[in-house]
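These numbers were taken from a predicted model, which means no experiment stands behind them.
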Amino acid sequence: MGFTEAVRTVLTQKYATFSGRASRSEYWWFVLFYTLVGLALVILALAVGAFSDQQGGVSSAVVAIMVIGGLFGLAIFLPILSLQVRRFHDRDISGWWYLALIVLGMVPYIGTITGLAITVISVMRGTDGPNRFGPDPLRPEARAEVFA
């Protein structure tokens, strides 16, 4: 799965789909997309703020960029959550473990460990063949069933 296909799949076909599985390529291409958009918004806000003639305050253009970034974050919350749950499913791990790791991550010092655990699970290969969460997303016959 390529960059555009991953972004299109996550944002249109599986926007809030918590069932099924997500391949590593789908996950990491979408993480790259999300990171690039966020980075572009930060750079744009910094550039507009640096060239603003406003003294001692925040210009309205920077506020507008911050609002756009906040709306982007809200719009992308469900797709990221569902994608991460489907990535856990690809490893044959229940999505409820992701919620448990997020809640545990709010505890000081343990958050680093849970973040690392989520990253390690996301990096690992999925189970070969079908598992209890659905068919293997890397097999052509499984893809035909998902997109049919």
Side-chain angles (χ1 to χ4, degrees), residues 1-51 58 61-148:
M1 178 174 289
F3 180 80
T4 55
E5 185 182 357
V7 172
R8 188 178 332 109
T9 299
V10 173
L11 291 180
T12 60
Q13 297 170 352
K14 298 180 180 181
Y15 186 85
T17 303
F18 291 88
S19 61
R21 296 166 64 176
S23 65
R24 282 188 297 181
S25 61
E26 178 182 353
Y27 177 80
W28 288 110
W29 281 124
F30 191 76
V31 168
L32 177 65
F33 164 75
Y34 178 75
T35 304
L36 290 176
V37 170
L39 187 63
L41 287 170
V42 167
I43 290 171
L44 184 62
L46 289 174
V48 168
F51 294 110
V58 179
V62 173
V63 171
I65 293 169
M66 290 169 54
V67 167
I68 290 169
L71 291 174
F72 175 73
L74 282 174
I76 213 81
F77 175 73
L78 270 179
I80 287 175
L81 185 64
S82 67
L83 178 64
Q84 187 66 61
V85 167
R86 288 185 282 114
R87 185 71 204 122
F88 268 55
H89 287 175
D90 195 37
R91 288 286 312 140
D92 205 13
I93 302 170
S94 173
W96 290 107
W97 279 105
Y98 178 61
L99 177 64
L101 287 172
I102 292 297
V103 170
L104 266 174
M106 294 179 194
V107 177
Y109 303 111
I110 296 179
T112 305
I113 297 168
T114 61
L116 183 63
I118 291 169
T119 303
V120 167
I121 291 170
S122 299
V123 168
M124 295 173 71
R125 287 184 57 173
T127 56
D128 289 329
N131 65 18
R132 62 186 168 141
F133 297 105
D136 191 344
L138 298 179
R139 303 219 176 175
E141 62 274 3
R143 287 181 137 199
E145 294 170 8
V146 171
F147 292 118

S.K.: Can you give me the closest heavy-atom contact between V62 and A45, atom names plus distance?
M.R.: CG2-O, 3.8 Å
S.K.: So, the side chain of R21 versus the backbone of G134: is there a donor-acceptor pair under 3.5 Å, distance only?
M.R.: yes
S.K.: Would you say the side-chain atoms of W29 pair up with the backbone N or O of V7, donor to acceptor, closer than 3.5 Å?
M.R.: no
S.K.: Measure the CG-OH distance between L39 and Y34 for me, rounded to the nearest 0.5 Å.
M.R.: 12.0 Å
S.K.: Can you list, pair by pair, the side-chain donor-acceptor contacts under 3.5 Å of residues 66-82, counting residues two or more places apart and other chains?
M.R.:
residue: S82; atom: OG; partner: Y15; partner atom: O; Å: 3.4
residue: S82; atom: OG; partner: L78; partner atom: O; Å: 3.2
residue: S82; atom: OG; partner: P79; partner atom: O; Å: 3.1

S.K.: Regarding E26 and R86, does a basic nitrogen lie under 4.0 Å from an acidic carboxylate oxygen?
M.R.: yes
S.K.: Quick check for you: to the nearest 0.5 Å, what is the distance between T127 atom OG1 and F133 atom CZ?
M.R.: 9.5 Å
S.K.: Answer yes or no: does atom CH2 of W28 have more than 12 heavy-atom neighbours from other residues, nucleotides or ligands under 6.0 Å?
M.R.: yes
S.K.: Carefully, step by step, assess E5 and T9 under the rule side chain to side chain contact (heavy atoms under 4.5 Å, CB included).
M.R.: CA-CA 6 Å; E5 185 182 357; T9 299; 4.1 Å; yes
S.K.: If you round to the nearest 0.5 Å, how far is CG of L44 from CD1 of I65?
M.R.: 3.5 Å
S.K.: Taking all non-hydrogen atoms of both residues into account, name the closest pair between S25 and A6 and its distance.
M.R.: O-CB, 4.4 Å
S.K.: On a heavy-atom basis, which atom in D90 and which in P137 lie closest, and how many Å separate them?
M.R.: OD1-CD, 3.6 Å
S.K.: Please tell me if the side chains of F30 and L11 come closer than 4.5 Å, counting only heavy atoms from C-beta onward.
M.R.: yes
S.K.: Say you draw a straight line from OH of Y98 to OG1 of T114; how long is it, rounded to the nearest 0.5 Å?
M.R.: 10.0 Å
S.K.: Can you give each donor-acceptor pair under 3.5 Å made by side-chain atoms of residues 117-126, sequence neighbours left out, with the distance rounded to 0.1 Å?
M.R.:
residue: T119; atom: OG1; partner: G115; partner atom: O; Å: 2.9
residue: S122; atom: OG; partner: Q84; partner atom: NE2; Å: 3.0
residue: S122; atom: OG; partner: I118; partner atom: O; Å: 2.9
residue: R125; atom: NH2; partner: D128; partner atom: OD1; Å: 3.2

S.K.: What's the spacing between F88 CZ and W96 CH2 if we round to 0.5 Å?
M.R.: 13.5 Å
S.K.: What distance separates R24 CZ from R91 CZ, expressed to the nearest 0.5 Å?
M.R.: 9.5 Å
S.K.: Measure the shortest side-chain to side-chain distance between H89 and I93 over non-hydrogen atoms and say whether it is less than 4.5 angstrom.
M.R.: no
